[in-house]
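To keep things clear, I will list the structure first and then write my remarks on it.
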Amino acid sequence: MLAKLSAKHPIVENILVYRELSKLKSTYVDALPTMINPRTNRVHTSYNQAVAVTGRLSSNNPNLQNIPIRTERGREVRKAFVPRNPEYTLLSADYSQIELRIIAAISEDANMIDAFRSGLDIHTATAAKVYGVEIADVTPDMRRNAKSVNFGIIYGVSAFGLSENLGIARSEAKTLIDNYFIQYPSIKKYMENQVKFAQKTGYVQTLMGRKRWLKDINSSNAVVRGYAERNAINMPIQGTAADMIKLAMISLHKTFREHNLRSRMILQVHDELVFDAHLDEVETIKPLIIEGMRNAMPLAVPVEAEIGTGRNWLEAH
DNA sequence: AATTTCACG
DNA sequence: ACGTACGTGAAATTA
């Protein structure tokens, strides 16, 4: 973690920029063109259905689930992904806050369910709750901290991990987490119950019944055991999201067949589906995709998907 | 061959 | 006292 030292010496910034550029060049700019299939003139990834322990897909040769988007130069790489010809457009649809909606639904936490049902921005709503202020009085810093807690909760975060992530005192992080569990008591209960269930049965499972065995859940080594406990919390969340998008993919495949569409589903990136969409079909398929994704696996909270089109993968977002 | 680093959700 | 946020894959570096 060099970034932590960036204030110590000016050279660190230069090293980080160098690393960013060498990563983009070696992994994407140099590599991807060599993987174009000459017959189809495209890059074709492989999706693995039995690699990720949570039930997610993974992608290799090349990995198209980690195409850059977070930095300016990285986004230039993403622009290289374009539709097959000018009669097509790239269409991207992604689930909104799907893992938080899932934890709200399966923990049956009334407060978080209410936040989603009222259509609030979940990080703002969480900030208002943990800082005890009105929604309108949530500052950007408060929202940022609440967002980190929301993410951290899904991973089974500790006060130490949160303080590291946010660059705040551990005591402050602890207060945030304590307030979080006061505001969302059933989420705390859910986490405890997942660990208990795993200790008793040796596994945890998604809403659809996909299991992950946790052989270390009763280990006498606290580090090893802690890791298994976080797995017990996280896997049902991440795995249920994986189950949901897979069901959506099957449903949409059928729907596209039935409508004799020329548009094609071409990529899946965990909570996102990308389509090579014929221009004449865009307005037809948009609602089909949105509804296919929303209705794939009904939850006790609304499931939302956002959709966009563009001349390349970046613009489609 | 194992580890480190970094790209993504 | 101890270590410390989930899941992947690819390239470069270390040994």
Side-chain angles (χ1 to χ4, degrees), chain A residues 1-4 15-32 34-35 43 45-71 73-78 81 92 94-100 102-103 147-166 170 173-174 176-177 180 191 194 204 206 210 212 214 219-245 267-274 313-314 317:
Chain A
M1 253 297 270
L2 243 190
K4 259 167 56 178
I15 294 171
L16 290 171
V17 169
Y18 169 80
R19 284 190 185 169
E20 179 199 338
L21 296 177
S22 57
K23 177 75 174 186
L24 293 175
K25 182 172 189 294
S26 63
T27 306
Y28 306 101
V29 179
D30 290 343
L32 286 174
T34 72
M35 305 192 75
V43 288
T45 186
S46 296
Y47 282 110
N48 313 298
Q49 296 223 61
V51 169
V53 286
T54 56
R56 276 186 170 186
L57 301 182
S58 83
S59 156
N60 66 6
N61 299 307
N63 183 355
L64 295 185
Q65 292 182 319
N66 71 345
I67 298 304
I69 195 169
R70 293 174 187 170
T71 68
R73 284 192 177 87
R75 287 192 278 274
E76 292 300 312
V77 172
R78 192 165 281 242
F81 290 80
S92 161
D94 62 281
Y95 280 115
S96 158
Q97 305 297 350
I98 192 59
E99 293 191 345
L100 282 173
I102 287 168
I103 198 172
K147 184 176 176 178
S148 269
V149 188
N150 273 332
F151 271 104
I153 289 300
I154 290 167
Y155 303 148
V157 76
S158 63
F160 175 88
L162 183 65
S163 67
E164 287 282 301
N165 177 275
L166 282 172
R170 202 187 310 192
K174 182 177 184 313
L176 273 176
I177 293 173
Y180 191 96
M191 293 168 67
Q194 287 304 307
V204 288
T206 67
R210 182 193 302 278
R212 176 175 180 178
L214 297 169
S219 169
S220 56
N221 181 323
V223 177
V224 171
R225 189 174 66 246
Y227 190 57
E229 287 170 357
R230 293 193 296 277
N231 290 157
I233 293 163
N234 174 263
M235 182 275 174
I237 309 298
Q238 191 180 118
T240 300
D243 292 343
M244 182 187 291
I245 196 167
L267 292 172
Q268 188 255 42
V269 192
H270 310 306
D271 66 352
E272 174 189 13
L273 297 175
V274 181
W313 194 2
L314 182 67
H317 264 275

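Throughout, a chain's letter reflects where its sequence line sits, starting with A, and its residues are numbered from 1. Any value given below was found using the heavy atoms of this structure, including those in side chains, with hydrogens, waters and symmetry copies removed. Because the structure is a prediction, the values reported are computed rather than measured.
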So, is Arg56(A) near the phosphate of dG9(B), with a side-chain N or O under 4.0 Å from OP1 or OP2? no
Mind checking what makes ring-ring contact (aromatic ring centres under 6.0 Å, His included) contact with Phe151(A), not counting sequence neighbours? none
Separation of atom NZ in Lys25(A) from atom P in dA7(B), rounded to whole Å: 16 Å
For DNA chain C, what are the stems built from at least three Watson-Crick or G-U pairs in a row, each pair having both distances below 3.5 Å? B:1-9 with C:6-14
Considering every strand and a 4.0 Å limit on heavy-atom distances, what is the contact class for Ala52(A): base, sugar-phosphate, or nothing? sugar-phosphate
Rounded to whole Å, CD of Gln238(A) lies from P of dC8(B) at a distance of 17 Å
Could you tell me how far dT4(C) sits from dT3(B) if I compare only their P atoms? Round to whole Å. 15 Å
Can any side-chain N or O of Thr240(A) pair as donor or acceptor with the backbone N or O of Ile237(A) at less than 3.5 Å? no
Under 4.5 Å between any side-chain heavy atoms of Asn165(A) and Val157(A), yes or no? no
Students often get this wrong, so: under 4.0 angstrom with heavy atoms, is Ser26(A) touching a base, only sugar-phosphate, or nothing? sugar-phosphate
Positional range of nucleotides in DNA chain C within the contact set of chain A, heavy-atom, under 4.0 Å: dG3(C) to dA12(C)
Hey, which of these two, Phe160(A) or Tyr227(A), hits DNA chain C nearer its 5' end, going by closest nucleotide? Phe160(A)
Would you indicate whether the side-chain heavy atoms of Tyr47(A) and Leu267(A) approach each other to under 4.5 Å? yes
What is the distance, rounded to the nearest whole Å, between atom CG of Leu57(A) and atom C1' of dG9(B)? 12 Å
Nearest-angstrom distance from the residue atom OH of Tyr18(A) to C1' of dT5(B): 13 Å
Mind calculating the distance between OH (Tyr47(A)) and C1' (dG9(B)) to the nearest angstrom? 12 Å
pair Leu57(A)-Gln65(A): side-chain heavy atoms closer than 4.5 Å: yes
Could you check if a side-chain atom of Tyr180(A) sits within less than 4.5 angstrom of a side-chain atom of Leu162(A), using non-hydrogen atoms only? no
Using a 4.0 Å heavy-atom cut-off, does Arg225(A) contact any base of the nucleic acid, only the sugar-phosphate backbone, or nothing at all? nothing
Main-chain N/O of Leu64(A) paired to Ser59(A) side chain as donor or acceptor, under 3.5 Å: yes
Can you tell me how far P of dC8(B) sits from CG of Leu273(A), to the nearest Å? 19 Å
In whole angstroms, how far is the C1' atom of dA7(B) from the CG atom of Leu21(A)? 14 Å
Tell me what Ala241(A) touches on the nucleic acid: a base, only sugar-phosphate, or nothing, going by heavy atoms under 4.0 Å. nothing
Which residues, if any, of residues 62-69 of chain A bring a heavy atom under 4.0 Å of DNA chain B? Gln65(A), Asn66(A), Ile67(A), Pro68(A), Ile69(A)
P gap between dA5(C) and dT4(B), integer Å: 15 Å
Sorted by chain and residue number, the side-chain hydrogen bond (donor to acceptor under 3.5 Å, both in side chains) partners of Arg75(A) (sequence neighbours excluded) come out as Glu72(A)
Under 4.5 Å between any side-chain heavy atoms of Leu32(A) and Ile67(A), yes or no? yes
Please examine the side chains of Ile153(A) and Met191(A), heavy atoms only from C-beta on, and report whether any two atoms are closer than 4.5 Å. yes
What contact category does Glu272(A) fall into here, base, sugar-phosphate, or nothing, at under 4.0 angstrom with non-hydrogen atoms? nothing
Pick base, sugar-phosphate or nothing for Asn48(A), based on heavy-atom distances below 4.0 Å to the nucleic acid. sugar-phosphate
CD1 of Ile15(A) versus P of dT5(B): gap in Å, rounded? 12 Å
Show me the donor-acceptor pairs, under 3.5 Å and distance only, between side chains in residues 222-233 of chain A and residues at least two apart or in other chains.
unit_1, atom_1, unit_2, atom_2, d
Arg225(A), NH1, Ser219(A), O, 2.8
Arg230(A), NH1, Gly226(A), O, 3.4
Asn231(A), OD1, Arg212(A), NH2, 3.3

Is the backbone of Pro62(A) close enough, under 3.5 Å, to the side chain of Thr45(A) for a donor and an acceptor to pair up by distance? yes
Please work out if Gly226(A) contacts a base, only the sugar-phosphate, or nothing of the nucleic acid, heavy-atom cut-off 4.0 Å. nothing
By the 4.0 Å heavy-atom rule, please label Ser59(A) as base, sugar-phosphate, or nothing. sugar-phosphate
With a 4.5 Å limit on heavy-atom distance, are the side chains of Met235(A) and Val53(A) in contact? no
